[in-house]
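Pasting a structure below so you can have a look.
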Amino acid sequence: MFADVILPVPFETFTYAVPREMQEQVVEGSRVLVQLGKTKTYAGVVLRLHTQQPEGVQIKPIIQVLDAQPIVTQSQFRFWQWIASYYLSPLGDVYKAAFPGILKKAPTGSTKLNSRKKNQAEQAQTLTGDRREPLSQLNETQQKAYDAIWQTWQEKDITLLHGVTSSGKTEIYIHLIEQHIRQGKQVLYLLPEIALTTQITERLRRAFGNRLGVYHSKFTDKERAEVYQQQLTDHPYDLILGVRSSVFLPFQRLGLVIVDEEHETSYKQQDPAPRYHARSAAIMLAQQSRAKTLLGTATPSIETYHLAQQGRYGYVPLTQRFANMQLPQIEVIDIKRLRFQKRMKGAFSPRLLEAIDQALQQQEQVILFQNRRGFSSFVQCKQCGWVPRCQHCDVSLTYHKKMNNLSCHYCGKVYPLPPHCPECGNKDFGSIGTGTEKIEEQIQKHFPQARVSRMDLDTAKTRAAYEKIIDGFAHFESDILIGTQMVSKGLDFDNVSVVGILDADTMLNIPDFRSYERSFQTLAQVAGRAGRKNRVGKVILQTRSADAPIIHHVVSNDYPAMYQEQMQERQLFHYPPFHRIIYVYLRHRDNQLLQHLADQMANTLRQSFGDRVLGPDRPPVSRVQSMHIRKIIIKIENSASPAAVRAALIQAQKHILSIPVAANLNVYYDVDPQ
Ligand code: ADP
Ligand code: ZN
Ligand code: ZN
């Protein structure tokens, strides 16, 4: 007998012989200890048992069987295989992503078969029982939305709940979860970031007690392995709250997947492979389990909204905030004009300073938002705000300090830095952006008495540091919170009356076709932090593009208008949701050889895809760990068959790797990059 085994290395499977004495023990889905190469041993997972002797290779025997029962179910394998093929990533990489570390480690010493013990949760259950609080009553609009969601599920598997901030989406999720558990179903509740899990965990714990399992990387490996194994027992958690990796947990009777804040980019895994999008993966997982999916957000991704518009997804809007709270008022301040009139005080307009002053006098709090790309490397005319853009891609160009030139992130075209601004003739191009630190200095100068806290990648490196800042602000230990994107995420503060957006343009000019969509989402979410509980909040939005349609859409909270406008551009420039994008990356130590191979790869791809192939291009970070990188972009019509596209890519990859000098070339993909 032979076993095809998945190992935690970037390949598909390896075949091993099953020694006679192990043939009774080994099952598909169980882990086995095997040797790879001369010295290494790994714990792998048996994908398939069979009797076909592989030809021409020496087959090693399995050293040891590690599990008496499968720890990967057949439906998980189906899911793994979907991830592997859709994201063009070997099964070995999927295995690495799917398992908590210790389940992948080769055991040392012990020869006992792994059998499951009662874990902490079960013990807790028997000790403390199941303490739970009754659910709060949904109000009329929430109840209507709740009913509408069930209604859409009669015909559709996936529904978008498009509810403004604080409309009670989470409250509705809780009622849906309750109903599914009542019907004997399991629920997976996905959040984009660990930082958000704390607040939600408390709410879910109150409603569902120890039927709730929490799963993310801030738990120890051991704790995660326990949750994983618990899911295989006769008493799995009814509800799992987790970040993207929890799509890899085993479920036995999954009935519902909730993807909260579905628009968030952190659902996409960047590195390492598999570079999967947890929203797409969750939808596939639900489909394979015949479960329903609910996508929830105040600011849908254009892709999701598009599918809802087309009727492919159910659509349930929720336009009222809970307890008739008002949406904040947004005032736009034209800082281009103010700069011209020399009336700006550093990063602050007189109006924003006045609003902050007023808030402080009334013992209210202030959030100041500065985009994290504040320091980033694009160029803008200091006088008129002109930003150089690519002729072919409609994105702003990235400035390369070392070469003192501009390049397009998407098509790779390089432009010289113009000697003066073509709009106004000014010669002063600084790479602009004010960091949060500078903002802090300035604010202290204006308001020496104010207690200021700052949250950015420097001050909130760890989860504990992050929580301390948030908690401190929530308990009014500081008056002003300065932060980047981190402050925009689903946080609930009672006493914030003013939100200042210091420079909306840094977002708008990010060289990415999604920058307008993202800006709308971020600005709407940041604005949503103002006046959540007690009063109408005030948002002061400073921008050099006061007349840009996107700013009007944000002010009037007009998602459909933003959507319509973006859809026209997306169609014109062949972007999602009309086209799918795949990045092909090539890596090699030898830069010249790499260029040659990348050109050749692009040419081969052009034979299948024609002018849908762009590049090769040097990505913004073009050397990592002394490996040079090239990037080829493929834009494919949505109507094209994904299987055919994959086949052509794999074919081209085989071809390039068969060239003798390409022996050490590394090829990998990013499908649906974010
Ligand atoms: P969203 O998820 O849409 O931002 P939440 O569910 O967090 O909204 O609700 C916002 C606030 O209003 C929360 O503090 C929540 O506890 C409260 N809330 C919403 N709906 C209800 C309800 N039906 N009963 C009691 N409180 C509610
Ligand atoms: Zn200018
Ligand atoms: Zn371009």
Self-check item: Main-chain N/O of L502 paired with Q370 side-chain donor or acceptor, under 3.5 Å
Solution: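 Checked: no pair found.
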Quiz item: So does R544 pair up with D503, basic N to acidic O under 4.0 Å?
Solution: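 Yes.
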Quiz prompt | Cation-pi geometry met for R451 and F473 (6.0 Å, 45°) | solution =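 Checked: cation-pi criterion not met.
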Quiz item: Ignoring hydrogens and geometry, is there a side-chain-to-backbone donor-acceptor pair from R580 to N638 under 3.5 Å?
Solution: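 Pair absent, no side-chain N/O of R580 close to backbone of N638.
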Quiz item: Could R279 and E264 be called an ion pair, given the rule that one side-chain N must be under 4.0 Å from one carboxylate O?
Solution: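 Judged by the 4.0 Å cut-off on N to carboxylate O distance, R279 and E264 do not form a salt bridge.
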Quiz item: Is the charged tip of K413 near the ring of Y415: under 6.0 Å from the six-membered ring centre and within 45° of its axis?
Solution: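 Relative to the ring axis of Y415, which defines the angle, K413 lies inside both limits.
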Quiz item: If you measure from the Lys or Arg side-chain nitrogens to the Asp or Glu carboxylate oxygens, is any gap between D670 and K631 under 4.0 Å?
Solution: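 Result for this pair is no, no salt bridge flagged.
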Quiz item: Salt bridge check: are R570 and E517 linked by an N-O gap of less than 4.0 Å?
Solution: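 The answer is yes: the pair qualifies as a salt bridge.
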Practice problem: Look at E331 together with R351 and state whether they make a salt bridge at an N to O cut-off of under 4.0 Å. | Solution: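 A salt bridge is present here (some side-chain N lies under 4.0 Å from a carboxylate O).
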Quiz prompt | Charged N-O contact under 4.0 Å between E171 and R203 | solution =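 Counted as a salt bridge, because a side-chain N and a carboxylate O are separated by less than 4.0 Å.
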Self-check item: Pi-cation contact, Y276 with K268 (under 6.0 Å, within 45°)
Solution: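 Here K268 fails the 6.0 Å and 45° test against Y276.
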Quiz item: Does any N or O in the side chain of R514 come within less than 3.5 Å of the main-chain N or O of S519, such that one atom is a donor and the other an acceptor?
Solution: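 Pair absent, no side-chain N/O of R514 close to backbone of S519.
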